[in-house]
Amino acid sequence: MSKTTGRSQRGGHTGVSIEDVAAAAGVSTATVSRAVRGLPRVSPATREKILEVASSLGYVASSSASGLATGRTRTIGVLAPFVSRWFFSKAIEGADRELHSRKYNLSLFNLGGHGSNRERLFSSTMVYKQIDALLVLCMSLTEEELEHLHKIDIPLVVVGGHVEDCAYIGINDYDAASTAVRHLLDLGHKDIALLHGDDETDLNFDVPRVRIRAFQEVMTDAGLEVRPEWDQWGDFTVTSGQQAFNRLWSQPGRKPTAIFCSSDEMAMGVIFEAARHGVRVPEDLSVIGIDDHDFSSSIGLTTVGQRPDNQAELATKMLLDELDGNPGAVHSEVAPHKLIVRETTAPPS
């Protein structure tokens, strides 16, 4: 009797599973999946054999997965921990721009925060969705999750940070953070606070740690003290920037003359809350961020700019080129960043 496991849902409705085809053809299920979907890395002889076996067994790929003549879904998955925050929405915009130009669809997998549905997402949803490739935005992947992705053997790129053994597109976060801190040092600031990302979640992997290390090492190299009470955390939102400012200003003792914020949104929160407390920016407090958020120019925020939309567009192009039969199209690449000096930084008074 043919298997009728959950995994057989990837096929049609004959009761014949992809495992049945793989066993009869003497290949892995990943190879069967690639062959029937027209994906690369399958020899013509192997593809022909698998298609003959699938036909003889009556295995029929679902219409959504078969893509009719090509065997592809013409759908790229985008995995994001959030969609409401600036980096992710801009990255999705860039990915969709490239997909639209090449007549591909986008399937969004939104974890909606702390990833409570991650296990099901990786073990079943992505498999059943039959995406041709996957773009991962700014989050870590566990060994088990990577194993699931390797099983379906689709091209994969990470945007916005590093994941072990995966190609990635993103800025050099150490250099970007160092650029921001050195700008404050060049202005003459010595009392500098740090507002960094919270690494308590599993979403942002090495980015917060790298930016923290850059701040600490640049300050130490300049012979300046890194004051633990001026080390503040946030979650890359405006609200967390406001909360961090309040914690800083409620402390006794002298106040910093500048704050390096690991994102523009947190920097905006600092600026908004500083105004409520009568602290002038930049006369009393210089503020610098990272990103060049859409609103940064409007409020005159000095920042280290990056383009997540361009990063995701490039990553998507790599994925599609790989699917079009260009081996090696998917590779790691460092995206540019640049210091943009505006009105929120000045020499200490």
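Just so you know, these numbers come straight off a predicted model, no measurement behind them.
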Measure from NZ or CZ of R247 to the centre of the six-membered ring of W233 and say whether it is under 6.0 Å with the direction within 45° of the ring axis.
yes
Walk me through it: do M268 and C261 pass the test side chain to side chain contact (heavy atoms under 4.5 Å, CB included)?
CA-CA 9 Å; M268 291 176 196; C261 303; over 6 Å; no
Indicate yes or no for a side-chain donor-acceptor contact from T31 to the backbone of V27 under 3.5 Å, with no hydrogens or angles considered.
no
Where do K317 and D321 land on the salt bridge (charged side-chain N to carboxylate O under 4.0 Å, His left out) test, with the steps shown first?
CA-CA 6 Å; K317 181 181 185 303; D321 288 348; 2.8 Å; yes
Heavy-atom closest pair (A35 atom, I50 atom, distance to 0.1 Å) is CB-CD1, 3.7 Å
Which atom of W230 lies closest to which atom of P256, heavy atoms considered
CZ2-N, 3.6 Å
Value for NZ (K190) from CG (L185), rounded to nearest 0.5 Å, stands at 10.0 Å
Check the hydrophobic clustering (I, L, V, M, F, W, Y; side-chain heavy atoms under 4.5 Å; chains of links allowed) and say if L194 and L187 are grouped together.
no
Counting C-beta onward and ignoring hydrogens, is there a side-chain heavy-atom pair between I131 and F109 closer than 4.5 Å?
yes
Checking side chain to side chain contact (heavy atoms under 4.5 Å, CB included) between R102 and each of T316, L323, D324, I76, which is the one that passes?
D324
Is the W249 ring parallel, tilted or perpendicular to the F245 ring (thresholds 30°, 60°)?
parallel
Would you tell me whether H100 and E98 have side-chain atoms, one donor and one acceptor, within less than 3.5 Å of each other?
no
Is I340 reachable from V304 through a run of hydrophobic residues whose side-chain heavy atoms are each under 4.5 Å from the next?
no
Any donor and acceptor pair, going by atom type alone, linking the side chain of S55 with main-chain N or O of L51 inside 3.5 Å?
no
Of the non-hydrogen atoms in V330 and A167, which two are nearest, and what is the gap between them?
CG1-CB, 3.6 Å
Please check this pair: side chain of H189 against backbone of A346, looking for a donor-acceptor N/O pair closer than 3.5 Å.
yes
For A25, does its backbone N or O pair with a side-chain atom of K49 as donor and acceptor, under 3.5 Å?
yes
Taking D291 for its side chain and S263 for its backbone only, find out whether a donor-acceptor pair lies under 3.5 Å.
no
Worked check of side chain to side chain contact (heavy atoms under 4.5 Å, CB included) between L106 and T75
CA-CA 6 Å; L106 184 153; T75 299; over 6 Å; no
Between T220 and E217, is there a donor-acceptor pair closer than 3.5 Å when you use the side chain of the first and the backbone of the second?
no
Taking side chain as C-beta onward, heavy atoms only, is V157 less than 4.5 Å from Y168?
no
Return yes if some donor-acceptor pair links the side-chain N/O of N172 with the main-chain N/O of Y174 below 3.5 Å, else return no.
yes
Step through the shown structure and confirm whether more than 12 heavy atoms of other residues, nucleotides or ligands are within 6.0 Å of NZ on K90.
yes
Quick one: pull up CG in L248 and CD in E273 and give me the separation to the nearest 0.5 Å.
11.5 Å
To the nearest 0.5 Å, what is the distance between CG on L108 and CG on D96?
10.5 Å
Closest non-hydrogen atoms of F236 and S262, given as atom of the first, atom of the second and distance, are CE2-O, 3.9 Å
Between G160 and V207, the two heavy atoms sitting closest are O-CG2, 3.3 Å
Please examine the side chains of V78 and I92, heavy atoms only from C-beta on, and report whether any two atoms are closer than 4.5 Å.
yes
Straight-line distance of H331 NE2 to I169 CD1, nearest 0.5 Å:
6.0 Å
Return yes if some donor-acceptor pair links the side-chain N/O of Q232 with the main-chain N/O of E229 below 3.5 Å, else return no.
yes
Sequence neighbours excluded - side-chain hydrogen bond (donor to acceptor under 3.5 Å, both in side chains) pairs with any residue from residues 340-349:
H183-T345, D292-R342, T302-T345
Do V281 and M266 share a hydrophobic cluster (ILVMFWY, side-chain heavy atoms under 4.5 Å, transitive)?
yes
Salt-bridge contact D309-R97 (side-chain N to carboxylate O under 4.0 Å):
yes
Can you confirm whether more than 12 heavy atoms, excluding those of K255, are under 6.0 Å from its NZ atom?
yes
Would you call L57 and V21 a side-chain contact if the rule is heavy atoms closer than 4.5 Å?
yes
Do I288 and L339 make a side-chain contact, defined as non-hydrogen atoms from C-beta onward lying under 4.5 Å apart?
yes
Donor-acceptor pair, S56 side chain versus V53 backbone, under 3.5 Å?
yes
Could you check if a side-chain atom of D175 sits within less than 4.5 angstrom of a side-chain atom of D173, using non-hydrogen atoms only?
no
Between W86 and D294, do the side chains contain an N or O donor and an N or O acceptor separated by less than 3.5 Å?
yes
For F82, does the six-membered ring have the charged nitrogen or CZ of R85 within the cation-pi criterion, i.e. under 6.0 angstrom from the centroid and within 45° of the normal?
yes
Side chains of D264 and T303 only: does a donor on one sit below 3.5 Å from an acceptor on the other?
yes
Would you call I171 and Q311 a side-chain contact if the rule is heavy atoms closer than 4.5 Å?
yes
Donor-acceptor pair, D284 side chain versus V279 backbone, under 3.5 Å?
no
Does either side chain, that of D231 or that of H196, offer a donor lying less than 3.5 Å from an acceptor on the other one?
yes
Can you tell me how far the OG atom of S178 sits from the CG atom of D221, to the nearest 0.5 Å?
9.0 Å
Would you indicate whether H277, at its atom NE2, is surrounded by more than 12 heavy atoms from other residues, nucleotides or ligands within a distance under 6.0 Å?
yes
Nearest heavy-atom approach of L137 to P81 is O-CD, 3.2 Å
How far apart are the C-alpha atoms of M219 and I192, what are their side-chain angles, what is the distance that settles it, and do they pass the side chain to side chain contact (heavy atoms under 4.5 Å, CB included) test?
CA-CA 9 Å; M219 290 286 285; I192 305 175; 3.9 Å; yes
Hey, any chance V270 and I299 share a hydrophobic cluster, counting ILVMFWY side chains that come within less than 4.5 Å of each other, even indirectly?
yes
Common cluster, V226/L195, ILVMFWY with side-chain heavy-atom separation under 4.5 Å:
no
Nearest-0.5 Å distance that lies between atom OG1 in T73 and atom CG in D132
3.5 Å
Tell me, please, which residues at least two apart from D191 pass salt bridge (charged side-chain N to carboxylate O under 4.0 Å, His left out).
R254
Would you mind reporting whether V83 and F88 have side-chain heavy atoms less than 4.5 Å apart?
no
